[in-house]
Undergrad: 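Encoded as structure tokens, here's the structure I'll be asking about.
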Amino acid sequence: MSQVFEGYERQYCELSANLSRKCTAASLLNGEQKKQKVSEIKAGLDDADALIRKMDLEARSLQPSVKAMLLAKLREYKTDLNNVKNEVKRITSANTNQAARDNLLESGMADTMTVSADQKTRLLMSTGRLNQSGDRIKESRRTMLETEELGVSILQDLHQQRQSLLHAHNTLHGVDDNISKSKKILTAMSRRMSRNKWIIGSVIAALVLAIILILYFKLAH
């Protein structure tokens with residue numbers, strides 16, 4: 001998995017949990033304090049949108065197998081962010097309608113408990129995602145260490161094989177030199193044998209000629 005994506009993911013999960021807490025706090029405030037808190041939430045939503053875009057770009061730049069998994073995860077984050085945006089819209093719309101706010105105050109305890117439960121659920125989900133991200137980071141580091149150890153082992157094997165090949169090459173080179181020397185010796189011996197044949201042939205011919213001459217002179221006298 002991309003470490004860049006994991007970094008953005010960790011930032012988003014922390015930001016999402018923080019936004020959930022602020023939404024819970026904003027729903028319990030009134031007046032200027034509520035407006036200020038909503039402004040902080042909207043600024044955080046802009047940051048969250050930016051992180052979503054960065055994660056999307058990073059995911060699309062990876063291999064297809066990893067890309068599909070990260071895009072599926074990204075869709076969950078987008079859904080979570082839309083839920084926060086809807087919650088902000090609900091909070092801000094309450095400020096524009098006095099009657100709705102009065103009704104909210106009348107039935108306030110039940111709605112507050114419901115909102116708190118929703119925010120608590122979202123907060124737990126965000127915390128769970130943070131824990132999962134931490135576990136994935138640890139797993140990725142463990143995998144990287146194992147891969148590094150495997151790479152070192154492969155490099156050592158390749159080095160040993162290279163040394164063996166170099167030794168075999170040197171041995172073959174020595175054998176080739178010996179063959180060349182043997183070939184030269186055999187060629188020289190062949191030449192000597194040919195020369196010796198001619199010499200022996202010449203000696204035999206001379207002896208035969210001498211015998212013939214001797215016989216001739218003996219018979220002639």
Undergrad: Salt bridge check: are D46 and K42 linked by an N-O gap of less than 4.0 Å?
TA: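 No, no charged N to carboxylate O under 4.0 Å.
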Undergrad: If you take all heavy atoms of E58 and S2, which pair is closest and at what distance?
TA: OE2-OG, 2.7 Å
Undergrad: Can I204 be reached from L213 by stepping across I, L, V, M, F, W or Y side chains whose heavy atoms are under 4.5 Å apart?
TA: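 L213 and I204: separate clusters.
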Undergrad: Rounded to the nearest 0.5 Å, how far does CG of N83 lie from OG of S16?
TA: 9.5 Å
Undergrad: Applying side-chain contact (heavy atoms from CB on, under 4.5 Å), run through R136 and E9 and close with a yes or a no.
TA: CA-CA 11 Å; R136 282 194 295 269; E9 181 182 31; 2.8 Å; yes
Undergrad: Under 3.5 Å, is there a donor-acceptor pair linking the side chains of Y12 and D80?
TA: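 Yes - a donor-acceptor pair under 3.5 Å links their side chains.
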Undergrad: Does K78 reach the side chain of D56, with side-chain heavy atoms less than 4.5 Å apart?
TA: yes
Undergrad: Linking Ile, Leu, Val, Met, Phe, Trp and Tyr by side-chain heavy atoms under 4.5 Å, what else ends up with I199?
TA: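 Other cluster members: V203, L207.
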Undergrad: Working to the nearest 0.5 angstrom, can you tell me the gap between C23 SG and L123 CG?
TA: 11.5 Å
Undergrad: Out of curiosity, E32 CD to Q36 CD, how far, rounded to the nearest 0.5 Å?
TA: 8.5 Å
Undergrad: Is there side-chain contact between K181 and K184, with heavy atoms separated by less than 4.5 Å?
TA: no
Undergrad: Please say yes or no: joined through hydrophobic side-chain contacts below 4.5 Å, possibly via intermediate residues, are V66 and V4 part of one cluster?
TA: yes
Undergrad: Test question: given the 4.5 Å side-chain rule for I, L, V, M, F, W and Y, name all other residues clustered with I211, or answer none.
TA: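 So far as hydrophobic clustering goes, I211 is joined with L215.
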Undergrad: Taking it one step at a time, do R90 and E87 satisfy salt bridge (charged side-chain N to carboxylate O under 4.0 Å, His left out)?
TA: CA-CA 5 Å; R90 190 194 66 78; E87 182 65 22; 3.0 Å; yes
Undergrad: Got a second to check how far F5's CZ is from M55's CE, nearest 0.5 Å?
TA: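 Taking CZ in F5 and CE in M55, the distance rounds to 5.5 Å.
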Undergrad: Between L124 and V84, is there shared hydrophobic-cluster membership here, with clusters defined by ILVMFWY side-chain heavy atoms closer than 4.5 Å?
TA: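 In one cluster: no.
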Undergrad: Report the distance from atom CD of E76 to atom OG1 of T79, rounding to the nearest 0.5 Å.
TA: 7.5 Å
Undergrad: Tell me the closest heavy-atom pair linking L15 and G44, and the distance in Å.
TA: CD2-O, 3.4 Å
Undergrad: Looking only at non-hydrogen atoms, find the nearest pair between K67 and L62 and report the distance.
TA: CB-O, 4.1 Å
Undergrad: Please indicate whether Q63 has more than 12 foreign heavy atoms, meaning atoms of other residues, nucleotides or ligands, lying under 6.0 Å from its CD.
TA: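 Open: at most 12 neighbouring heavy atoms sit under 6.0 Å from CD of Q63.
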Undergrad: Side chains of I137 and R10: closer than 4.5 Å at any heavy-atom pair?
TA: yes
Undergrad: Please test K35 against L29 for side-chain contact (heavy atoms from CB on, under 4.5 Å), starting from the C-alpha separation and ending with a verdict.
TA: CA-CA 9 Å; K35 290 180 180 180; L29 297 175; over 6 Å; no
Undergrad: State whether the side chain of N196 and the backbone N or O of R192 hold a donor-acceptor pair below 3.5 Å, judged by distance alone.
TA: yes
Undergrad: Measuring from atom CG of L45 to atom CD1 of I52, what distance do you get when rounded to the nearest 0.5 angstrom?
TA: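 CD1 of I52 is found 11.0 Å from CG of L45.
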Undergrad: Step by step, would you call K183 with S180 a side-chain contact (heavy atoms from CB on, under 4.5 Å)?
TA: CA-CA 5 Å; K183 185 178 179 181; S180 298; 5.6 Å; no
Undergrad: What do the steps show when you test R122 against L19 for side-chain contact (heavy atoms from CB on, under 4.5 Å), and what is the final call?
TA: CA-CA 10 Å; R122 189 179 293 111; L19 290 174; over 6 Å; no
Undergrad: I'd like to know if L81 and V38 are part of one continuous hydrophobic network [Ile/Leu/Val/Met/Phe/Trp/Tyr, side-chain heavy atoms within less than 4.5 Å].
TA: yes
Undergrad: Are D157 and Q160 close enough that some pair of their side-chain heavy atoms sits under 4.5 Å apart?
TA: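 Yes - at least one pair of side-chain heavy atoms lies under 4.5 Å apart.
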Undergrad: Show every ring-ring contact (aromatic ring centres under 6.0 Å, His included) that has at least one partner inside residues 17-63, sequence neighbours left out.
TA: none
Undergrad: Under a 4.0 Å threshold between the charged nitrogen and the carboxylate oxygen, would E40 count as salt-bridged to K37?
TA: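 Yes.
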Undergrad: Salt bridge check, D49 against K85: does any charged N sit closer than 4.0 Å to a carboxylate O?
TA: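 A salt bridge links K85 with D49.
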